[in-house]
2 protein chains.
Amino acid sequence: MFKTAKFNRISQNIVQQIRQAILKGDLQPGHRLPPEKELAENFGVSKASLREAFRALEALGLLEVRQGVSGGAFICEVDLETARNNIVNYIFFQNPSIREFTQLRIILEPAISRLAAVQATDEQLADIEDNLKESKMELDSGSFSYELDIDFHRRIADMTDNSLIHLVIDSMQSALVNIKKLIEPDYDFSLMVYHAHMRIFDALCSRDPEKAAGEMLRHVKEVGDGLTAFCDPKNLCASSSKKN
Amino acid sequence: MFKTAKFNRISQNIVQQIRQAILKGDLQPGHRLPPEKELAENFGVSKASLREAFRALEALGLLEVRQGVSGGAFICEVDLETARNNIVNYIFFQNPSIREFTQLRIILEPAISRLAAVQATDEQLADIEDNLKESKMELDSGSFSYELDIDFHRRIADMTDNSLIHLVIDSMQSALVNIKKLIEPDYDFSLMVYHAHMRIFDALCSRDPEKAAGEMLRHVKEVGDGLTAFCDPKNLCASSSKKN
DNA sequence: AAATATTAAAACATCTGATGTTTTAATGTT
DNA sequence: AACATTAAAACATCAGATGTTTTAATATTT
């Protein structure tokens with residue numbers, strides 16, 4: 001009938017109190033909590049227990065503890081990196097297939113490109129162009145980092161000026177990298193990606209929503225098929241050292 | 001040039017080592033770490049520092065520490081609740097507008113419904129029907145919980161059998177609840193939601209992807225407009241939709 | 001033999017207090 | 001004004017003592 005109250009730990013209790021205070025708005029980013037000794041007395045707990053709570057709150061991205069004379073425990077906004085890492089941790093265990101990634105991307109990315117083609121500022125388009133130039137350089141030098149690839153998609157997501165869309169795309173791209181690292185796409189794959197990015201960029205520049213969406217859809221499908229092809233021939237699912 | 005190495009803390013170092021071991025596959029869910037005393041000696045640190053690391057790992061959902069004779073520190077899969085809470089924390093600070101939520105939902109939910117209409121099993125459809133019956137009862141009794149509303153959308157997301165889609169919908173719905181709690185929609189609003197859910201359910205049952213997508217789109221827009229109207233006092237009386 | 005009660009030990013939870021380190025505001029010096 | 005020094009605030013870490021929880025093992029009862 002009732003959920004068994006799992007955590008009777010003092011530190012957990014403190015974490016919940018502080019998190020609730022933040023969510024209620026009583027504690028805001030930048031706010032400094034009292035010194036350890038004093039706060040421990042307030043809570044009626046030992047310094048050690050309080051410090052355990054601090055470590056948990058830091059892991060959640062809600063607190064930052066700094067040493068030094070004007071240091072202390074400061075409430076923080078949860079940053080994108082923290083949120084992304086937590087999502088990546090979760091997705092790691094779900095171990096979704098390329099098909100699942102592609103299915104979600106097909107839904108999201110063309111629609112986002114459609115919005116981007118309308119809303120993008122010239123400055124944002126210039127940023128994309130920079131990204132493509134860097135990609136070109138990397139490609140010519142024989143390498144291709146995932147960072148630039150992620151960044152391309154993230155910047156398009158940025159054009160929607162929607163923090164939710166930004167978070168979702170950023171997290172999915174980051175999680176997808178873990179798959180790409182296993183697969184280690186070759187030069188031809190990277191070249192294909194580059195060309196697709198170029199076509200998408202052109203569509204955005206010409207402010208053509210349907211073309212942008214269409215090119216993005218093609219790109220996402222191509223990448224999905226490409227990655228699947230890399231997986232398919234020999235290796236079915238296992239972990240491993242498959243060397244061709 | 002280089003990022004200032006932020007965390008020199010012993011506990012943070014341990015957290016990173018253990019997280020990496022998990023992500024590399026060296027530590028798997030269910031694995032029990034050595035007892036505190038022994039592990040502290042392995043790491044060459046004090047028990048207190050090790051315990052701080054444990055608290056952080058627990059906050060991340062990667063570890064569970066249990067007391068008792070066959071207790072200890074066990075590696076866990078990150079569960080949905082942990083991931084969702086972290087996402088909700090992040091979104092809390094981003095404080096996205098109803099417009100942003102609606103924009104993302106318009107992209108996602110109709111497309112998901114389209115897939116669901118094709119893929120749903122009869123059992124899954126029956127689950128939705130249960131959800132609607134419960135909603136009806138709540139409605140008749142004058143209340144309307146957000147849980148059932150979230151659950152309706154989550155179950156449709158489930159029909160895609162895609163863990164990424166499930167995570168995104170689940171998290172967005174949970175974050176959206178925080179807005180709804182502020183707004184406290186009235187009975188008419190809840191009734192409108194119920195009717196929309198019924199129409200979507202019918203479309204799913206008749207295995208009509210386009211109808212399902214269409215009804216879902218209408219629903220998401222309706223809710224977006226409704227919530228916006230509740231936010232803006234000027235719009236409380238006028239029921240016309242405003243375009244900006 | 002099965003069910004129930006008891007016990008003991010493993011492992012974590014918490015507290016206390018001592019000592020070390022980092023950071024910076026305040027102060028002093030050139 | 002620029003630079004160097006210092007002192008104190010606040011956290012970081014450690015060691016050890018004591019308490020609590022949980023359950024496997026044992027004993028007892030039915």
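All chains are named by letter (A, B, ...) in the order of the sequence lines, taking the proteins before the strands, and each is independently numbered beginning at 1.
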Under 4.0 Å between a side-chain nitrogen and a carboxylate oxygen: does that hold for Asp149(A) and Lys180(A)? yes
Lys47(A) atom NZ is separated from dG17(C) atom P, nearest whole Å, by 11 Å
First and last nt of DNA chain D near chain A, cut-off under 4.0 Å to heavy atoms, 5' to 3', are dA9(D) to dT13(D)
Contacts of Phe152(B) meeting ring pair (Phe, Tyr, Trp, His ring centres under 6.0 Å) (sequence neighbours excluded), chain-then-number -> His197(B)
Those residues at least two apart in sequence (or on a different chain) that pass side-chain hydrogen bond (donor to acceptor under 3.5 Å, both in side chains) with Glu100(A) are Ser97(A), Ser163(B)
Output a table of nitrogen or oxygen pairs between the protein and nucleotides 5-7 of chain C separated by less than 3.5 Å.
none

Sugar-phosphate only, base, or nothing, as touched by Arg51(B) at under 4.0 Å among non-hydrogen atoms = base
Show every donor-acceptor pair shorter than 3.5 Å between a side-chain atom in residues 124-133 of chain A and any protein atom, with sequence neighbours excluded, or say none if there are none.
unit_1    : atom_1 : unit_2    : atom_2 : d
Gln124(A) : OE1    : Thr121(A) : N      : 3.0
Gln124(A) : OE1    : Thr121(A) : OG1    : 3.4
Asn131(A) : ND2    : Leu148(A) : O      : 3.0

Check: Regarding Glu38(A) and Asn42(A), is there a side-chain donor-to-acceptor distance under 3.5 Å anywhere?
Finding: no
The side-chain hydrogen bond (donor to acceptor under 3.5 Å, both in side chains) partners of Asp122(A) (sequence neighbours excluded) come to Arg207(A)
The correct set of residues in residues 26-41 of chain B placing a heavy atom under 4.0 Å from DNA chain D is none
- prompt: Is any NZ, NE, NH1 or NH2 atom of the basic residue among Arg55(A) and Glu58(A) found under 4.0 Å from an Asp or Glu carboxylate oxygen of the other?
  reply: yes
Sequence neighbours excluded, the answer for side-chain hydrogen bond (donor to acceptor under 3.5 Å, both in side chains) partners of Arg154(A) is Asp151(A), Asp170(A)
By salt bridge (charged side-chain N to carboxylate O under 4.0 Å, His left out), Arg105(B) pairs with (sequence neighbours left out) Glu109(B)
For Lys136(B), the side-chain hydrogen bond (donor to acceptor under 3.5 Å, both in side chains) test, sequence neighbours excluded, returns Asp140(B)
Residue pair Gly71(A)/Ser46(A) against DNA chain C: nearer the 5' end by closest nucleotide is Ser46(A)
The bend of the helix from dA1(C)-dT30(D) to dT30(C)-dA1(D), taken between the axes of its five terminal pairs at each end and rounded to 10°, is 10°
Residue set satisfying salt bridge (charged side-chain N to carboxylate O under 4.0 Å, His left out) with Glu41(B), at least two apart, ordered chain then number -> Lys37(B)
